[in-house]
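This report concerns only the one structure given below.
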Amino acid sequence: MNDEYYMSLAVKEARKAADMDEVPVGAVIVDKHNGIIGSGFNRPISASDPTSHAEINAMRVAAAVLNNYRLTGTTLYVTIEPCIMCMGAIIHARIKRVVYGASDPKWGAVHSLYRMAEDNRLNHHPEIISGVCKEETRQILLDFFKHKRSH
């Protein structure tokens, strides 16, 4: 699998969020045959839905494509470290791998604040790959918030 390639697609999703004045986070889900089965970006403001994070939106699409709430054998690419809600959904969906770009020191539930993928009390432990396209994914967020503060 070419993690950088799929992360570049997640970055394109993040830019869609920024264009809508949403926090620029994007996600792509790839099946075991390297086919893209879901994508999404942050939309909690425009959708009036606090659960409308990039990962959740991509999982909803992938689950509809597979006609299954289990996303076994899939890889989720997301531009920032998933939060508690998204990690909970990732674990429930049985996603095999999570690949993310930038860390999230305020909300991260993979390494920064919590380590949900390593929690032995939970029944699924996705493989985690961090730091893919880290600088690019981090810069998208920094630029977005810098722009917000200047207006």
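No hydrogens, no waters, no symmetry mates; every other heavy atom, side chains included, goes into these values. Throughout, residue positions are numbered sequentially from 1 according to the sequence presented.
A donor-acceptor pair under 3.5 Å links the side-chain atoms of T137 to the main chain of A102, judged by distance alone. Using a distance-only test at 3.5 Å, with no hydrogens or angles considered, a donor-acceptor pair links the side chain of N42 to the main chain of A54. For the pair Y6 (side chain) and N34 (backbone), a donor-acceptor distance under 3.5 Å is present. Without hydrogens or angle criteria, N57 side chain to F41 main chain gives a donor-acceptor distance under 3.5 Å. Judged purely by atom type and a 3.5 angstrom limit, E81 uses its side chain to pair as donor or acceptor with the backbone of S112. Under the 3.5 Å distance criterion, the side-chain polar atoms of R94 are matched with a main-chain donor or acceptor of H92. Between the side chain of T74 and the backbone N or O of I29 there is no donor-acceptor pair closer than 3.5 Å.
Between A17 and P24, the shortest heavy-atom distance links the atoms CB-CA, 3.9 Å. Of all heavy-atom pairs spanning S52 and P44, the tightest one is O-CD, 3.2 Å. Taking each heavy atom of M59 and A89 in turn, the nearest pair found is CE-CB, 3.6 Å. Closest of all the heavy-atom pairs between E13 and A27 is CG-O, 3.8 Å. Closest heavy-atom contact between P126 and I90: CG-CG2, 4.1 Å. Listed here is the closest heavy atom pair of L113 and P105: CD2-O, 3.6 Å.
Within the structure, salt bridge (Lys or Arg N to Asp or Glu O under 4.0 Å) contacts touching residues 58-71 (residues at least two apart or in different chains) are D49-R60. Residues in residues 120-150 take part in these ring-ring contact (aromatic ring centres under 6.0 Å, His included) pairs, two or more places apart or across chains: H147-H151.
Here the SG-CD distance, from C86 to E55, works out to 3.5 Å after rounding to the nearest 0.5 Å. Put simply, OH on Y77 and OG1 on T79 are 14.0 Å apart, with the number rounded to the nearest 0.5 Å.
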Stepwise side chain to side chain contact (heavy atoms under 4.5 Å, CB included) test for Y114 and I84: CA-CA 8 Å; Y114 302 97; I84 299 166; 3.3 Å; yes
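Ion pair E22/R15 not flagged as a salt bridge, since none of the NZ, NE, NH1 or NH2 atoms sits closer than 4.0 Å to an Asp/Glu carboxylate oxygen.
Here the side chains of T75 and I95 are not in contact, with every heavy-atom distance at 4.5 Å or above. Side chains of V23 and L141 form a contact here, defined as non-hydrogen atoms less than 4.5 Å apart. With contacts defined as side-chain heavy-atom distances shorter than 4.5 Å, the pair M87/V110 qualifies.
Connection of I56 to V78 is established within a shared hydrophobic cluster, with ILVMFWY side chains joined at heavy-atom distances below 4.5 Å, either directly or through further cluster members.
Partners of I129 by side-chain contact (heavy atoms from CB on, under 4.5 Å), not counting sequence neighbours, listed by chain and number: D3, R97, V99, E127, V132.
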